[in-house]
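Structure record follows, encoded as structure tokens.
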Amino acid sequence: MAFDATLLCFLPFPSVNHMIIPIAVVPVAGMGTRLLPATKSQPKEMLPVAKKPVVQYVVEELEANGVKQVLFITGKNKSSIENHFDFDHELMRNLREGGKEDLLAELEYERLSVHFFFTRQRRQKGLGDAILCARNFTQNAAFIVALGDSIIGGASAIVSHTAEVFASTGASCVIAVEEVPRESVTSYGVVKPGADLGNGAFVIEDLVEKPSVADAPSNLAIAARYIFGPEIYPALDKTMPGKGGEIQLTDAIRLLLDSGRKIVGVRLAADEKRYDIGNFESYFEAFIEFALKEYPHLYDLFRKQADK
């Protein structure tokens, strides 16, 4: 597995007791087939939601929560993600020379205080396999996983909150969760809550990937943000491929549970809504909500169209 040469400029890793975990792994290798034909030639993570692509919201959230290093797990046809976070001096020069300096503010994200790194998941073997691609990068440090196709709205502090819970509870894994309608549990990993730990945190007794409505242990769905200790890697090594030959991250977490490791859930706050850009319905919902926040004068137009 080859990493970008910029891996040589690692930043020092502070202790998790500082309650800031500076390393994040962002899987973006999925094919996005449920969003065809829009994703035939571009990653779903680069689909625009109002003015910005999905993955930019994810990175901005991570940076706001103290992350200093982001490793993207990429795949085929994902080079536009790397290009998006590069400095584009030619574009800046063209904007200045064309009298469009007001647009330079739209490129401020290029100055985020984050070091970006990239490696490829060479075969599509599931989310668990994608996390294994980060092993040489994170080594023995705790790290965040933020799925690159899911936005957490509301100036989210869920990453900081889960890091704090990770440090204070001695858990091997902390998982952000959200309440979903009972009939929707078939689309998510779902957890079984145990003892309440206060401040939105609780012990997880079990978790199931995409259960039937009848078999779901609750309506608390995994919400695309995790904290892991390095013990996740041996669990992933032992995880057998499931449907489609994929290694499921949820199955590896269950192995941690079975070995006696502590797994903790943290509920999203009331203003932290997850936007899962996994199908057209959820994508359209996210686009409209973010567009109206950015351009509230469009509300009347949208309402007129809805009334037709």
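As the structure is a computational prediction, the values presented were derived from the model and not from experiment.
Between Lys78 and Glu45, at least one side-chain N (NZ, or NE/NH1/NH2) sits under 4.0 Å from a carboxylate O, which counts as a salt bridge. The existence of a salt bridge linking Arg225 and Glu272 is excluded, since no basic side-chain nitrogen approaches an acidic carboxylate oxygen closer than 4.0 Å. Salt bridge annotation for Arg34-Asp149: absent, with no cationic side-chain nitrogen under 4.0 angstrom from a carboxylate oxygen. The pair Glu179-Arg267 counts as a salt bridge, with a side-chain nitrogen and a carboxylate oxygen less than 4.0 angstrom apart.
Residues Val58 and Val70 fail the side-chain proximity criterion, which asks for heavy atoms closer than 4.5 Å. At a threshold of 4.5 Å between non-hydrogen side-chain atoms, the residues Val208 and Pro217 count as touching. Contact of the Met31 side chain with the Thr39 side chain is not registered, since no non-hydrogen atoms from C-beta on lie closer than 4.5 Å. A 4.5 Å side-chain heavy-atom check between Asp102 and Lys100 finds at least one atom pair inside the cut-off.
The closest donor-acceptor contact from the side chain of Arg261 to the backbone of Ile253 lies at 3.5 Å or more, if one exists at all. With hydrogens and angles disregarded, a donor-acceptor distance shorter than 3.5 Å links the side chain of Arg182 to the backbone of Ala216. Side-chain atoms of Tyr283 come within 3.5 Å of backbone N or O of Pro48 as a donor-acceptor pair. Proximity of a side-chain donor or acceptor of Gln121 to a complementary backbone N or O of Leu127 within less than 3.5 Å is not detected. Between the side chain of Lys44 and the main chain of Thr33, no donor-acceptor pair closer than 3.5 Å is present. A donor-acceptor pair under 3.5 Å links the side-chain atoms of Thr74 to the main chain of Thr119, judged by distance alone. Not a single donor-acceptor pair under 3.5 Å links the side chain of Ser156 to the backbone N or O of Gly153. In this structure, Thr250 contributes its side chain and Glu209 its backbone to no donor-acceptor pair below 3.5 Å. When atom types are taken as modelled, the side chain of His161 and the backbone of Ala176 share no donor-acceptor pair closer than 3.5 angstrom. In this structure, the side chain of Thr162 does not engage the main chain of Val174 through any donor-acceptor pair within 3.5 Å.
Hydrophobic cluster membership differs between Leu36 and Leu47, with clusters built from Ile, Leu, Val, Met, Phe, Trp and Tyr side chains linked at under 4.5 angstrom. Both Val26 and Ile81 are members of a single hydrophobic cluster when ILVMFWY side chains are connected at heavy-atom separations under 4.5 Å. Residues Leu255 and Ile247 do not share a hydrophobic cluster, defined by chaining ILVMFWY side chains whose heavy atoms lie under 4.5 Å apart.
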Quiz prompt | Worked check of salt bridge (charged side-chain N to carboxylate O under 4.0 Å, His left out) between Asp258 and Lys238 | solution = CA-CA 12 Å; Asp258 292 342; Lys238 297 175 183 176; over 6 Å; no
Practice problem: Report the C-alpha separation of Asn83 and Asp88 in whole Å, then their side-chain angles, then the decisive distance to 0.1 Å, and conclude whether the side chain to side chain contact (heavy atoms under 4.5 Å, CB included) test is met. | Solution: CA-CA 9 Å; Asn83 295 338; Asp88 194 333; over 6 Å; no
Exercise. Just do the side chain to side chain contact (heavy atoms under 4.5 Å, CB included) check on Phe118 and Val28 with the steps written out, would you?
Key: CA-CA 10 Å; Phe118 304 86; Val28 291; over 6 Å; no
Quiz item: Between Leu249 and Leu236, is a side chain to side chain contact (heavy atoms under 4.5 Å, CB included) present by the stated rule, with each step listed?
Solution: CA-CA 7 Å; Leu249 182 58; Leu236 284 165; 4.2 Å; yes
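Within the model, atoms CD1 of Ile21 and CZ of Phe228 stand 11.5 Å from one another, a figure rounded to the nearest 0.5 Å. The line from CD1 of Ile222 to CG of Leu147 is 9.5 Å long, rounded to the nearest 0.5 Å. Here Ile73 contributes atom CD1 and Ile131 contributes atom CD1; the two are 6.5 Å apart, rounded to the nearest 0.5 Å. A distance of 5.0 Å separates OH of Tyr57 from NZ of Lys52, quoted to the nearest 0.5 Å. Atom CZ of Arg274 sits about 11.0 Å away from atom CD1 of Ile151, to the nearest 0.5 Å.
Of the N and O atoms on the side chains of Glu289 and Tyr275, at least one donor lies less than 3.5 Å from an acceptor on the other residue. Judged by distance alone, the side chains of Gln248 and Thr239 never bring a donor and an acceptor atom under 3.5 Å apart.
The aromatic rings of Tyr295 and His297 stand perpendicular to each other, their planes meeting at an angle above 60°, with 30° marking the opposite boundary.
Considering every non-hydrogen atom in both Gly194 and Glu205, the closest pair reads CA-OE2, 3.6 Å.
The aromatic ring centroids of Phe143 and Tyr233 lie less than 6.0 Å from each other.
Other residues, nucleotides and ligands contribute over 12 non-hydrogen atoms within 6.0 Å of the NZ atom of Lys273.
Across His84, Glu61, Lys51, a single residue satisfies side chain to side chain donor-acceptor pair (under 3.5 Å) together with Gln56, and that is His84.
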